[in-house]
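The structure appears right after this line, and notes come after that.
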Amino acid sequence: MIFRHLLLYLCVPNITQIGVKYRYVKIQNSSDSINAFGGLNFISQGFDNAKISQLIDSQLGSKSAGATYKFSDSIKALWLTFFAGGDCAEDINEHLFNSLLMLPGVKVPSADTVLKDLKRHATATTLQTGKTGIEHQTNTNEVLNKLMIRQLLSLKLLSTKEKHDFDYDNQVIPTEKYDAERTYKKYDGYQPGIATIGRHIVYLENRNGNSPAVNEQAATLRKCYETLKAEGIHIRRSRMDCASYQKEVIEVVTEFSDLFYIRAQRCDAMANQIKAVTNWQKVRIGTKQYEIASIQYTPFKGETAYRVVVSREPQPQGDLLTESHFSYRGIITNDKVMTDFEVLHYYNQRGGQENIFDEMNNDYGWTKIPFSFLNENTVFLIIMAMCRSFYLYFLEKCSKATTFVKNTFRLKRFRFRFINVAAKWIKKGGQHILKLFTDKDYGGLAKL
């Protein structure tokens, strides 16, 4: 007997040892309708319970009477595709069509239909020739921006009863699309202007790569603030980088927000005032030691003086403007209450916006935009920003209803922990029951 087992082990490669026994490894196919992405059932139900479909179709309108799919069907299918691990609309056809069909009540249009539905909501691109003869392309989609804000309000991620903190920045998106232009980073792409409140994108204006962040920024911010105000959103504080250090921008910001904090660009006049400072306060931020102080400065040869919180740190090469061995940074603000340290600390928190951009690029397809033209890709960028906001809404609810999900999970971890679970719908006692092949407790989600 031992000799026979040894002979089998040496001659047959598909033998595995379990304890003291041997058995053949066999493959058996099954026609059972088991969905490898069982967690999508809960996300689909959450989408319906939040009435996202009704919101989308009420804002975007309806198709012809004979249309098989609504706009909300296309958007829902696209979002579920990304939740399941896809990174483009084509993954609906290639990998996920049957899995999505297993979800109760979900209509699954083809990738072509999804993309056509998105393109139908593109708006005309504005062309403007700058002083240097460069043609700037800007695309604003007010309908989708309003839809994005209204979704945040309906999910209670924004409130009209409180004032919010507002951030604005430009994000370079590398792409080789037909109309993409050269960016300052030496590759082709777009450079949309993006406004955020907290963890959420609230406004997006797409720009071509050759349009610097300073170009017509005051006009962009005015449209953004006015759209938010029309939806009942009011701003308490606004933070921006040095591209916003413009007379026209500060005028717009002070019109629509109580306080502002903008990275200042230094000049000779400001440098001379900084030289005269003697009362530097030493502070530690993270692992670095800084010295901070405030000056009163009147920018743009105007009449209004603002507070500039200046921070400096030692640098071997020194600073040419102040002729000292320090590097200097300034934050211009109309805040007269916070201490210098509090202003610096608050401004530094705007780094959270970079995390949002990182998530959009890596989790929600911003680096794989689908269309050839700027205005069409604006639609995709906004729709996927809405997808992320819905994910954060669902993640918060899911983290409260389960013990194995945290509200800090990025989409990839959430997918492994929650979505990737084998599931099958069965009928028992006249009821349809979702059978999950796992020892994790999903029971708390039945009430969502």
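These numbers come from a predicted model, not from an experiment.
- A side-chain N or O of Q289 and one of R284 form a donor-acceptor pair less than 3.5 Å apart.
- Using cut-offs of 30° and 60° for the angle between ring planes, the F414 and Y391 rings count as perpendicular.
- Between the side chains of T140 and K223, a donor-acceptor pair is found at a separation under 3.5 Å.
- The shortest distance between side-chain heavy atoms of C398 and L445 falls below 4.5 Å.
- Put simply, the side chain of T126 does not reach to within 4.5 Å of the side chain of Q137, judged on heavy atoms.
- Relative ring orientation between F418 and F394 is described as perpendicular, the plane-to-plane angle rising above 60° on a 0-90° scale split at 30° and 60°.
- Contact check on K412 versus D363 returns no salt bridge, with no Lys/Arg side-chain nitrogen under 4.0 Å from an Asp/Glu carboxylate oxygen.
- Using modelled atom types and a 3.5 Å distance limit, the side chains of N407 and E396 yield a donor-acceptor pair.
- A salt bridge does not link R236 with E162: every distance from a Lys NZ or Arg NE/NH1/NH2 to an Asp or Glu carboxylate oxygen is 4.0 Å or more.
- Inter-residue side-chain proximity for L55 and L147 is flagged as met; some heavy-atom pair is nearer than 4.5 Å.
- Using modelled atom types and a 3.5 Å distance limit, the side chains of Q128 and T138 yield no donor-acceptor pair.
- Between the side chains of N375 and T123, no donor-acceptor pair is found at a separation under 3.5 Å.
- Residues I426 and K424 have side chains in contact (heavy-atom distance under 4.5 Å, counting atoms from C-beta outward).
- In this structure, I331 and I262 have side chains that are not in contact, with every pair of non-hydrogen atoms separated by 4.5 Å or more.
- A salt bridge is absent between E231 and K229: the closest approach of a Lys/Arg side-chain nitrogen to an acidic carboxylate oxygen does not fall below 4.0 angstrom.
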Might you work through the side chain to side chain donor-acceptor pair (under 3.5 Å) test for T183 and N210, ending with a clear yes or no? CA-CA 5 Å; T183 70; N210 63 341; over 6 Å; no
side-chain contact (heavy atoms from CB on, under 4.5 Å) evaluation trace for Y184 with V172: CA-CA 9 Å; Y184 72 91; V172 176; 3.6 Å; yes
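- Not counting sequence neighbours, the partners of Y261 by the ring pair (Phe, Tyr, Trp, His ring centres under 6.0 Å) test are Y346.
- Ion pairing between a basic and an acidic side chain is recognised when a charged N comes within 4.0 Å of a carboxylate O; R350 and D169 show such pairing.
- Defined by atom type and a distance below 3.5 Å, a donor-acceptor pair is present between the side-chain atoms of E142 and Y203.
- Contact of the D188 side chain with the T175 side chain is not registered, since no non-hydrogen atoms from C-beta on lie closer than 4.5 Å.
- For the ring-ring contact (aromatic ring centres under 6.0 Å, His included) with Y306, the qualifying choice from F260, Y297, Y245 is F260, the only one to do so.
- Residue I383 comes nearest to W79 through the heavy atom pair O-NE1, 3.3 Å, listed as atom of the first residue, atom of the second, then distance.
- Between K107 and K70 the shortest side-chain heavy-atom distance does not fall below 4.5 Å.
- In summary, the side chains of R312 and Y328 do present a donor paired with an acceptor at a separation below 3.5 Å, with no hydrogens or angles considered.
- A cation-pi contact links K63 to F71, judged by a cut-off of 6.0 Å to the six-membered ring centre and 45° from its axis.
- Under a 4.0 Å N-O distance rule, the pair R263/D241 does not qualify as a salt bridge.
- The pair D48-K76 counts as a salt bridge, with a side-chain nitrogen and a carboxylate oxygen less than 4.0 angstrom apart.
- Checking N35 against W425 by side-chain atom types alone, no donor-acceptor pair falls below 3.5 Å.
- Scanning all heavy atoms of the two residues, the minimum distance from T408 to L395 falls at N-CD2, 4.4 Å.
- Side-chain atoms of T196 and Q353 include a donor-acceptor pair closer than 3.5 Å.
- The shortest distance between side-chain heavy atoms of L158 and H164 falls below 4.5 Å.
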